[in-house]
Amino acid sequence: MRVLAIVALAAILSSASADGGKDAIRVDTANGPVLGRSHADHGIRAFLGVPYAEPPVGARRWAPATRPKPWREVRNTQRYSLAAVQAQPRSYQNIGERGEDCLYLNVYSAARKSDELAPVFFWIHGGAFVSGTAMSPNYDGSVLAQEGLCVIVPNYRLGALGFLAHPALSAEYGASGNQALSDLVLALEWVRDNARAFGGDPGNVTIAGQSAGGSAVTALMCSKRARGLFHKAIVQSGGAAGNLRPLRDRDGRPGAEPYGLAFAEELGIKGDDDQALAALRAVPVQELVAAWRETQRKHGRFNLCQDGVFLEQSPGTVFQKGKQFPVPVLVGATADEVSMFLMRDGVKDLDEYRAWIERRFEGEAQAALAVYSATTPAEARTMQVRCGNDGYAAHARAVARSASRMAPTWRYRFTRVSPFGESLRMGSFHGAEVAYLFGRVELGERYHEVDMRLARRLRAYWIAFCRNGDPNADGLPAWPGYEAKSDRFLILDDDIRVGQAWRSAACDLYDAIWSAE
């Protein structure tokens, strides 16, 4: 099978020798020349670990991303770079070596047969903003490149290194807390300045991501710094984050900088001046990772904030007001999103379940208990899973409703349970569709022919959307555009069909919470 050959090629490209070789290919970027690898039989070119920013190390730890210094000598880009610093995650494999010097991206494109440029597919990896990497084989773009896209996958800073807000940092740079978002904006600027050299069209860029990557997409749709850098958006199992912390305490709401001060105190560093910042920059990086996890345990999860520079308001608020960028949107979720998260962490009894509902729904807790009624611990665990799954579906509906008021929008629900998902007893789990998108199911063993057929169709929808702003194409089942009144969406399964109004009462419940934020 041709796709299998392309997937096998990915391994060759990612392990290419550092001395160039007969398959090496040079491209001149705006910063300097790079040397990647090509494969004449398949026409795929891969450039791995291309720098798009100055290394954020030493005195530049927590600095906003800036363009790399130019170079003259040809830079070898035939191997993956370091992954961003992170703890060893549960749900990711193949993270590889990690380090602070991580602001690199990978480019996959097909050899050009004419002057026609390929649509750019800019993929943002997931991982709850604390794990994951562009350097995973799971995001190898060779198959999508062969089928017509120029695929660009950036690393970005994670955890404490990507999201620390601190008064001394704000004094130094005008704001702090969204370093990861500054990375992604700079990577998009790199696309604008360099995509053409790799055969990609800088005038036709689709930003896409799954999980935290999908939330990053919605954040970029609300960031004035990203204006004009992309033209379409794909949100997979992500939402428009609401009620983000302001930079400082405001109107009774805790700020991002006090959170950063609490993080510093976990490391034994007090104060909000330059000396405190210098001490933070001297801390070994793995100690930062451990302290960030402990701060999150004590004070709650934290990532993006309203810093006034990259985000002036919470994306959830922007979407509710319909003030995000009016670009075509493709958005959806899987059927069993939370199966991997709650498999071991489900509630043990009814009291624990009620407390969980009250934390999740606050003022709407009684309404939630009516929608998710449980009279036994077993029912409570079932309702907890359903409630979590509904949250992802509600996010997809909320994004679709807002986006469709401004631009063409399509919504999907991925429900296929592969033999792999079945063996894990996780169904159509969080991120299940990503293997279909990147051609990983064609590796065989854990998937059937029906999965391979669905993968080809799913990629065809995504590629058509990237090309034309509409996922419909010849030979594919029709995908109706989204409208709030009918709430229609495409069900992606072995039998692709149109669904309507998925669990509206549950989605309405989530809307009530978000509208109160």
Partner of Phe414 under ring-ring contact (aromatic ring centres under 6.0 Å, His included), chosen from Tyr436, Phe489, Tyr461: Tyr436
Side chain Asp336, main chain Phe429, donor-acceptor under 3.5 Å: no
Step-by-step side chain to side chain donor-acceptor pair (under 3.5 Å) determination, Gln324 to Ser402: CA-CA 9 Å; Gln324 73 275 13; Ser402 180; 3.0 Å; yes
The single option from Val191, Leu229, Ile152 passing side chain to side chain contact (heavy atoms under 4.5 Å, CB included) against Val205: Val191
Exercise: do Asn472 and Asp470 side chains pair donor with acceptor under 3.5 Å: yes
Rounded distance (nearest 0.5 Å) linking atom CZ of Arg45 with atom CD1 of Ile25: 4.5 Å
Derivation and outcome, side chain to side chain contact (heavy atoms under 4.5 Å, CB included), residues Gln210 and Glu433: CA-CA 9 Å; Gln210 184 267 341; Glu433 84 286 9; 3.7 Å; yes
Heavy-atom side-chain proximity of Cys150 to Val107 below 4.5 angstrom: yes
Arg456/Glu147 under salt bridge (Lys or Arg N to Asp or Glu O under 4.0 Å): CA gap, chis, key distance, verdict: CA-CA 10 Å; Arg456 291 190 293 271; Glu147 295 180 358; over 6 Å; no
Check: Asn31 main-chain N/O paired with Trp71 side-chain donor or acceptor under 3.5 Å: no
Verdict with reasoning, Phe129 to Phe163, per ring-ring contact (aromatic ring centres under 6.0 Å, His included): CA-CA 9 Å; Phe129 291 123; Phe163 299 99; 5.2 Å; yes
Worked check of ring-ring contact (aromatic ring centres under 6.0 Å, His included) between Trp514 and Phe319: CA-CA 11 Å; Trp514 297 330; Phe319 270 77; over 10 Å; no
Ring-ring centroid check Trp123 Phe438, cutoff 6.0 Å: yes
Asn76 (side chain) donor-acceptor with Val34 (main chain) under 3.5 angstrom: no
Gln236 side chain reached by Tyr412 side chain, heavy atoms, under 4.5 Å: yes
Presence of salt bridge, Asp140 and Arg440, under 4.0 angstrom: no
Between Thr334 and Glu337, a side-chain donor and acceptor under 3.5 Å: yes
Step-by-step side chain to side chain contact (heavy atoms under 4.5 Å, CB included) determination, Asn155 to Thr133: CA-CA 6 Å; Asn155 264 348; Thr133 178; 3.1 Å; yes
Side chain to side chain donor-acceptor pair (under 3.5 Å) assessment of Asn243 paired with Arg253: CA-CA 9 Å; Asn243 203 26; Arg253 294 177 56 205; 3.2 Å; yes
Minimum-distance pair of heavy atoms, taken over all atoms of Ser170 and Ser176: OG-OG, 2.9 Å
Short side-chain donor-acceptor distance under 3.5 Å, Thr66 and Arg60: yes
Neighbour count >12 (heavy atoms, 6.0 Å) for atom CG, Asn468: yes
Arg459 to Trp462, cation-pi by 6.0 Å centre distance and 45° axis angle: no
Leu288 vs Leu161 side-chain heavy atoms within contact, under 4.5 Å: yes
Salt bridge flag under 4.0 Å for residues Glu257 and Arg245: no
Any Arg411 side-chain heavy atom under 4.5 Å of Leu490 side chain: no
Any side-chain heavy-atom pair of Leu48 and Asn106 under 4.5 Å: yes
Any donor-acceptor N or O pair under 3.5 Å, side chains Asn204, Arg467: no
Least distance between heavy atoms, Ser81 atom then Gly49 atom: CB-CA, 4.0 Å
Heavy-atom donor-acceptor pair, Ser223 side chain to Ala219 backbone, under 3.5 Å: no
Donor-acceptor under 3.5 Å (Arg61 side chain, Leu280 main chain): yes
Any Pro167 side-chain heavy atom under 4.5 Å of Leu261 side chain: yes
Output field: ring centroids His166/Trp62 closer than 6.0 Å: no
Tyr156 side chain to Ala187 backbone, donor-acceptor under 3.5 Å: no
For the student: nearest non-hydrogen atoms of Thr218 and Ala240, plus distance: OG1-CA, 3.5 Å
Within 6.0 angstrom of Arg360 CZ, more than 12 heavy atoms from elsewhere: yes
Cys466 backbone acceptor or donor facing Lys232 side chain under 3.5 Å: yes
More than 12 heavy atoms of other groups within 6.0 Å of Arg293 CZ: no
Aromatic Phe310 / basic Arg225 pairing, under 6.0 angstrom, 45° off normal: yes
Exercise: identify the closest heavy-atom pair between Val185 and Leu220: CG2-CD2, 3.8 Å
Full working for salt bridge (Lys or Arg N to Asp or Glu O under 4.0 Å) between Arg67 and Glu54: CA-CA 6 Å; Arg67 296 181 183 184; Glu54 273 293 287; over 6 Å; no
Identified ring-ring contact (aromatic ring centres under 6.0 Å, His included) counterpart of Trp190 within the set Tyr104, Phe198, Tyr52: Phe198
Those residues that, when tested against Asp249, pass salt bridge (Lys or Arg N to Asp or Glu O under 4.0 Å) (two or more places apart): none
Glu73 and Arg26 ion-paired at < 4.0 Å: no
Close side-chain approach of Phe122 and Phe230, heavy atoms under 4.5 Å: no
Sub-6.0 Å ring centroid separation between Tyr392 and His430: yes
Derivation of the side chain to side chain contact (heavy atoms under 4.5 Å, CB included) call for Leu35 and Gln78: CA-CA 7 Å; Leu35 194 71; Gln78 299 178 19; 3.5 Å; yes
Under 3.5 Å donor-acceptor, Ser314 side chain and Thr317 backbone: no
Closest contact, heavy atoms only, Phe302 versus Leu304: CE1-O, 4.0 Å
Step-by-step side chain to side chain contact (heavy atoms under 4.5 Å, CB included) determination, Gln86 to Val130: CA-CA 6 Å; Gln86 58 196 275; Val130 293; over 6 Å; no
pair Ser211-His125: side-chain heavy atoms closer than 4.5 Å: no
Ser182 side-chain N/O to Gln179 backbone N/O, donor-acceptor pair under 3.5 Å: yes
